[in-house]
Visitor: 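Can you read through this structure? Questions will come right after.
First the proteins, then the strands, lettered A, B, ... as listed; each starts at 1.
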Protein chains: 2
Amino acid sequence: MKAEAQALKGHLDVLLLAALEQGPRHGYAVKEALREGSGGRFDLPTGTVYPALHRLEAAGLITGSWSVADGRRRRSYALTPAGRRRLSSDRDGWRAFAGAVTALLEGPSSWPATT
Amino acid sequence: MKAEAQALKGHLDVLLLAALEQGPRHGYAVKEALREGSGGRFDLPTGTVYPALHRLEAAGLITGSWSVADGRRRRSYALTPAGRRRLSSDRDGWRAFAGAVTALLEGPSSWPATT
DNA sequence: ACTCCATAGGTAGGAAACCTACTTATGGCG
DNA sequence: CGCCATAAGTAGGTTTCCTACCTATGGAGT
């Protein structure tokens, strides 16, 4: 499958946090939510998603808990208060970043003269 | 100096190519154009900019040539045809990427239900 | 005269992020 | 019985970017 798995480049964390904003999900569900929510564009390998979730948990931004459903063990993640604050500031950061890049890419007048 | 030097993460190349779109610049001028054009947001260290330009040159996307101005040696870079093509496709890539991320961050309805 | 800063180019080494490839395990469908 | 989707993970490598250095010139300030 994997439509365009290549490059979230540092913006994965904010997407993972956003995936948990409306409520907890287990790891695999986070991965699927990202794939479905992006129309297949962000179809990440498990080798990207699971380590990233561990990173966020180690950073105290999400908390994980084990459960069992249909005989399969699941680790459900939920945002911590720090995670919500991080999500909020990362959203602001994304707007600023995306705005700056878009301005430079779409508006040639953003650049100083070549002389 | 260096306002928020941290994270262009993979989007640096397209910005460097865009900096050369209107005409050639030397390395230091590319760095300054990026800083000024972004309102100080993308104030990259030379240890980021120069290796990136070397990378783009090695990839055949830009060509460099030495010159001397005011007793200082300069390496001027210009887009190659391949560089222009890459800039064009990277612009499309950026639009798609930024659009997808923004949709997921700003529109909670983009996400599948948490249940 | 001397020092400092902006300009101009560069490298070495490390940290972080992401991907590839692999492993383990269960439940259901053909 | 085999295969696929679900579910979780690790190991190792590549790339990208940053920190911290080095060299050199010209001009401004003291």
Visitor: Of A:Val30, A:Leu87, A:Leu61, which meets side chain to side chain contact (heavy atoms under 4.5 Å, CB included) against A:Leu16?
Guide: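 When side chain to side chain contact (heavy atoms under 4.5 Å, CB included) is applied between A:Leu16 and each of A:Val30, A:Leu87, A:Leu61, only A:Val30 qualifies.
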Visitor: Would a distance-only check, ignoring hydrogens and angles, find a side-chain to backbone donor-acceptor pair under 3.5 Å from A:Glu57 to A:Gly64?
Guide: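 Looks like yes, one N/O pair under 3.5 Å.
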Visitor: Answer yes or no: does a side-chain N or O of B:Tyr28 lie under 4.0 Å from OP1 or OP2 of C:dT7?
Guide: yes
Visitor: For nucleotides 23-26 of chain D, which of its nitrogen or oxygen atoms have a protein nitrogen or oxygen under 3.5 Å away, and what is each distance?
Guide:
{"from": "D:dT25", "atom 1": "O2", "to": "B:Arg72", "atom 2": "NE", "distance (Å)": "3.1"}
{"from": "D:dT25", "atom 1": "O2", "to": "B:Arg72", "atom 2": "NH2", "distance (Å)": "2.9"}
{"from": "D:dG26", "atom 1": "O4'", "to": "B:Arg72", "atom 2": "NH2", "distance (Å)": "3.2"}

Visitor: Less than 4.5 Å apart, any side-chain heavy atom of B:Arg25 and any of B:Glu32?
Guide: no
Visitor: What class does the angle between the rings of B:His11 and A:His11 fall in, given that below 30° is parallel, 30 to 60° is tilted and above 60° is perpendicular?
Guide: tilted
Visitor: Rounding to a whole Å, what distance do you find between A:Asp43:CG and D:dA5:P?
Guide: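 So the two atoms are 12 Å apart, to the nearest Å.
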Visitor: Among D:dT10, C:dT11, D:dG9, which nucleotide sits nearest the side chain of A:Arg75?
Guide: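 Output: D:dG9.
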Visitor: Do B:Glu36 and B:Lys31 meet the salt-bridge criterion of a basic N to acidic O distance under 4.0 Å?
Guide: no
Visitor: Rounded to whole Å, please give me the gap between CZ in B:Arg25 and P in C:dG9.
Guide: 13 Å
Visitor: Expressed in angstrom and rounded to an integer, what is the separation of A:Leu8 atom CG from C:dC18 atom P?
Guide: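 The answer, rounded to whole Å, is 7 Å.
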Visitor: How many whole angstroms separate atom CD of A:Glu32 from atom C1' of D:dA5?
Guide: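 It is 9 Å, rounded to the nearest whole Å.
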Visitor: Over how many whole Å does the gap from A:Arg35 atom CZ to D:dA5 atom C1' extend?
Guide: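 From A:Arg35 CZ to D:dA5 C1': 11 Å.
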Visitor: Grab the CH2-P distance between A:Trp66 and C:dA25 for me, whole Å please.
Guide: 14 Å
Visitor: Can any side-chain N or O of B:Arg91 pair as donor or acceptor with the backbone N or O of A:Leu105 at less than 3.5 Å?
Guide: yes
Visitor: Is B:Tyr50 near enough to C:dG9 that one of its side-chain N or O atoms lies under 4.0 angstrom from OP1 or OP2?
Guide: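 Yes, within the criterion.
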Visitor: Applying salt bridge (Lys or Arg N to Asp or Glu O under 4.0 Å), run through A:Asp13 and A:Arg86 and close with a yes or a no.
Guide: CA-CA 10 Å; A:Asp13 288 8; A:Arg86 173 65 67 82; 5.6 Å; no
Visitor: Which nucleotide wins on minimum distance to the side chain of A:His26, given the candidates D:dG9, D:dA8, C:dG10?
Guide: D:dA8
Visitor: Would the distance check show the side chain of B:Ser76 and the main-chain N or O of B:Pro24 forming a donor-acceptor pair, the cut-off being under 3.5 Å?
Guide: no
Visitor: Given side chains that start at C-beta, do those of A:Arg84 and A:Glu21 come closer than 4.5 Å, heavy atoms only?
Guide: yes
Visitor: Decide yes or no for B:Leu34 and A:Leu104: does some side-chain heavy atom of the first lie under 4.5 Å from some side-chain heavy atom of the second?
Guide: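 Answer yes - side chains close enough.
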Visitor: Is there a side-chain contact between A:Val101 and B:Phe42 in this structure, where contact means two heavy atoms from C-beta onward sitting under 4.5 Å apart?
Guide: yes
Visitor: Measure from CG on B:Leu44 to P on D:dC17 and round the result to the nearest Å.
Guide: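 After rounding, the reported distance stands at 9 Å.
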Visitor: Hey, what's the ring geometry for B:Tyr50 with B:His54, parallel, tilted or perpendicular (30° and 60° as the breaks)?
Guide: parallel
Visitor: Polar pairs (N or O, both sides) under 3.5 Å between protein and nucleotides 21-23 of chain C?
Guide:
none

Visitor: What integer distance in Å separates B:Leu16:CG from D:dC17:C1'?
Guide: 12 Å
Visitor: Which residues in residues 52-60 of chain A have at least one heavy atom lying under 4.0 Å from any atom of DNA chain C?
Guide: A:Arg55
